Amino acid sequence: MDNQLLLAKAQQIYHYMVTAPESDWQRNMYNWDWKPGVGLIAAVKYGQAIGSPEVRDYLWRWMRDNRHKAAELRVINSTAPFAALTELLREQPDAEGGWLELAQEHGRWLMEEAPRTSQGGFEHTVTEGVDFPEQMWADTLVVGGLFLARLASLTGDRAMAEEAVRQVEIHLRLLQDEATGVLFHGYDGRRGDHMSAARWGRANAWVAFGVPEIVREVRGLAEVPAEVGRRYTRLLEGLLRFQTPNGMWHTVLDRDDFYLETSAAAGIGYGMLLALKHGMAADAALRAKLEEAVRKAAQAVLIHVDVYGAVHGVSGGTPVMPTVKAYNEVKITPTPYGQALALLLASELLTEGSGGGALGLARRDQLRRDEDEQGKQRQRTDALVVGAGRRNDSAIRAGSDGGAGVHRSVGNDAGCELVLRPGG
């Protein structure tokens, strides 16, 4: 796939994500919760990759419109939007309105009050009012740990940086399967086991990119133990073994009779790209394998993006399921986090291409103009797209998608070639 096509795909993915009507509870981007939060994290990266003021304006508008929801319920899952806010504040440190104080207040809650398991990991707490006592899930590392690391980097808070590293250590140690190197979905501190013991694809994706993101943020503030590097390398090696010839991963990594899942491929590919970029894969042979794996994953993911920008083949919200078999029954549907993981991968590829000169400043300027014009058009029609949904916010229900009915959807770019340039 050439860079112009990659740019076009990223643009489509972004617009499909941010124009979702609030009446569509599955795609709703207007809750202060993990699904929109991961979408915002990706939007920040996309805006940085193309240098778009329109994307930055959207993000600040989202923050203003939804700020009143930020403190309604303090849980781990409601932390995700703060990880996007810290990046906006990094670019605009003098932003008025007490935004930094809002982020620091939530940071203090994470440090002093957020429930932890007996092993010290963040307990998985959600906005839906369901309790998972003594349970630690893989996605908690991104929705909780990444924000701590970014806030630490922004403010120079060493204690926060050290806690972010501690969460990385705990997640890797308790979730890693010693036999394969990949991770289980969750850990139950009361039972001392991994519950259904599913080596779930998207769980591995969260940690695959969460670790290098956090390590990068805390450099100069906290020491990263050698064990983190060893365990993360084992994770990468395990993921390489489970990648299928077409570049994807199964929704449960070691079950080749289960469906292939797009968001796992996007998140894992993104994580591998960050590992290459930030020096977390020093061995030359491993780097070569990762580069090829990223190329294949990126092609596979972008094939699943339709002409409207919807990312298909994404499993719905998935708690730790009672059995491994149940993971293969989770409904497939476009979601904010599916869009986000694909957008993170595409945006990082654009950043790498720009650094190597492949993108071209003229093309970037043109895309930025396109984004700005489309943003103006979207503002003119915003009342038609999302207005009705905003008036019915009380009807929105967040939750997980259970049920059967697997739909596999692919696009039509299989013949395209993606040129991957190694990062620094």
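What you see below is based on every heavy atom in this structure, not just the backbone, and it leaves out hydrogens, waters and symmetry mates. Keep in mind that what you see is a predicted model, and the values were worked out from it rather than measured.
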- Task: Over 60° means perpendicular and under 30° means parallel, so classify the ring planes of W137 and H124, tilted if in between.
- Result: parallel
- Rounded distance [0.5 Å steps], CG in L85 versus CG in L59: 10.0 Å
- Query: Any sub-3.5 Å donor-acceptor pair from E261's side-chain atoms to R202's backbone N or O?
  - Reply: no
- Hey, are the side chains of R116 and F122 touching, using non-hydrogen atoms and a 4.5 Å cut-off? yes
- Note on the structure: Tightest non-hydrogen contact, residues L148 and G107, listed as CD2-O, 4.3 Å
- Task: For the pair K35 and D33, find out whether any cationic side-chain nitrogen is under 4.0 Å from an anionic carboxylate oxygen.
- Result: no
- Side chains of Y30 and K69: closer than 4.5 Å at any heavy-atom pair? yes
- Message: Could you walk me through whether N31 and T127 satisfy the side-chain contact (heavy atoms from CB on, under 4.5 Å) test, starting with their C-alpha distance in whole Å, then the side-chain angles of each, then the deciding distance to 0.1 Å, before giving a yes or no?
- Response: CA-CA 10 Å; N31 289 320; T127 58; over 6 Å; no
- Task: Can you label the angle between the H106 ring and the F82 ring as parallel, tilted or perpendicular, going by 30° and 60°?
- Result: parallel
- Message: Distance check, rounded to the nearest 0.5 Å: S347 atom OG versus L6 atom CG?
- Response: 8.5 Å
- Side chain of T79, backbone of V75: donor and acceptor closer than 3.5 Å? yes
- Item | Side-chain heavy-atom pair L302, L5 within 4.5 angstrom cut-off | no
- Task: Provide the closest heavy-atom pair for R67 versus G97 in the form atom of the first, atom of the second, distance.
- Result: NH1-O, 2.6 Å
- Interatomic distance, L341 atom CG to T335 atom OG1 [nearest 0.5 angstrom]: 8.0 Å
- Message: Show the nearest heavy-atom pair for residues A222 and V165, with the distance to one decimal.
- Response: CB-CG2, 4.1 Å
- Message: Are the side chains of I76 and L110 in contact, using a 4.5 Å heavy-atom criterion?
- Response: yes
- Under a 4.5 Å cut-off applied to non-hydrogen side-chain atoms, are E217 and M160 in contact? no
- Query: Within the distance-only criterion (no hydrogens, no angle test), does the side chain of E227 pair as donor or acceptor with the backbone N or O of R173 below 3.5 angstrom?
  - Reply: no
- Message: Is there a side-chain contact between R150 and R90 in this structure, where contact means two heavy atoms from C-beta onward sitting under 4.5 Å apart?
- Response: yes
- Run the salt bridge (charged side-chain N to carboxylate O under 4.0 Å, His left out) check on K289 and E292 step by step: do they pass? CA-CA 5 Å; K289 291 178 182 178; E292 176 63 10; over 6 Å; no
- Closest heavy-atom contact between S78 and L73? OG-O, 3.1 Å
- Message: Checking the side chain of Y232 only, and the main-chain atoms of A208 only, is there a donor and an acceptor separated by less than 3.5 Å?
- Response: yes
- Note on the structure: When rounded to the nearest 0.5 Å, the distance separating OG1 of T333 from CG of D24 is 7.5 Å
- Message: For a side-chain contact (heavy atoms from CB on, under 4.5 Å) check, start with the C-alpha distance between W32 and W62, then their side-chain angles and the critical distance, and finish with the verdict.
- Response: CA-CA 10 Å; W32 197 284; W62 190 98; 3.6 Å; yes
- Nearest non-hydrogen partners of L344 and K45, listed with the distance: CD2-CD, 3.7 Å
- Query: Could you walk me through whether Q92 and W99 pass the side-chain hydrogen bond (donor to acceptor under 3.5 Å, both in side chains) check?
  - Reply: CA-CA 11 Å; Q92 194 174 335; W99 291 103; over 6 Å; no
- Task: Pick out which of V38, T140, V143 makes a side-chain contact (heavy atoms from CB on, under 4.5 Å) with W206.
- Result: V38
- Item | Main-chain N/O of E348 paired to Y270 side chain as donor or acceptor, under 3.5 Å | no
- Message: When you measure from the centre of the six-membered ring of Y16, is the NZ or CZ of R27 closer than 6.0 Å and no more than 45° off the axis?
- Response: yes
- Could you give me the CA-CA distance, side-chain angles and deciding distance for Q119 and T117, then say whether side-chain hydrogen bond (donor to acceptor under 3.5 Å, both in side chains) is met? CA-CA 5 Å; Q119 294 82 11; T117 68; 3.3 Å; yes
- Chi angles and distances behind the side-chain contact (heavy atoms from CB on, under 4.5 Å) call for T262, H312: CA-CA 7 Å; T262 309; H312 294 277; 5.8 Å; no
- Message: Given 3.5 Å as the limit, does a donor-acceptor pair link the side chain of Y337 with the main chain of G317, or not?
- Response: yes
- With no hydrogens and no angle check, is any side-chain donor or acceptor of Q176 less than 3.5 Å from a backbone partner on E178? no
- Message: On a heavy-atom basis, which atom in K296 and which in P245 lie closest, and how many Å separate them?
- Response: CE-O, 3.3 Å
- Item | Sidechain-backbone polar pair: D306 side chain, Y308 backbone, donor-acceptor under 3.5 Å | yes
- Query: How far apart are the C-alpha atoms of T180 and R241, what are their side-chain angles, what is the distance that settles it, and do they pass the side-chain hydrogen bond (donor to acceptor under 3.5 Å, both in side chains) test?
  - Reply: CA-CA 9 Å; T180 64; R241 285 192 294 272; over 6 Å; no
- Under the side-chain contact (heavy atoms from CB on, under 4.5 Å) rule, what do L236 and L290 come out as? Steps first, then yes or no, please. CA-CA 8 Å; L236 293 176; L290 291 174; 4.1 Å; yes
- Are the side chains of L253 and L239 in touch, meaning some heavy atoms are under 4.5 Å apart? yes
- Query: Short question: side chain of H250, backbone of F258 - any donor-acceptor pair under 3.5 Å?
  - Reply: yes
- Note on the structure: Rounded to the nearest 0.5 angstrom, the CG-CG distance for L240 and L235 is 9.5 Å
- Query: Short question: side chain of S153, backbone of A149 - any donor-acceptor pair under 3.5 Å?
  - Reply: no
- Tell me, with the steps shown, if R108 and Q104 meet side-chain hydrogen bond (donor to acceptor under 3.5 Å, both in side chains). CA-CA 6 Å; R108 285 192 294 272; Q104 289 178 311; 5.0 Å; no
- Message: Quick test of your reading of the model: are D188 and R190 salt-bridged, counting only N-O distances below 4.0 Å?
- Response: no
- Item | Check: V55 and Y14 side chains under 4.5 Å, non-hydrogen atoms | yes
- Item | Ion pair check, R166 and E169, cut-off under 4.0 Å | no
- Is the distance between the ring centroids of W249 and W200 under 6.0 Å? no
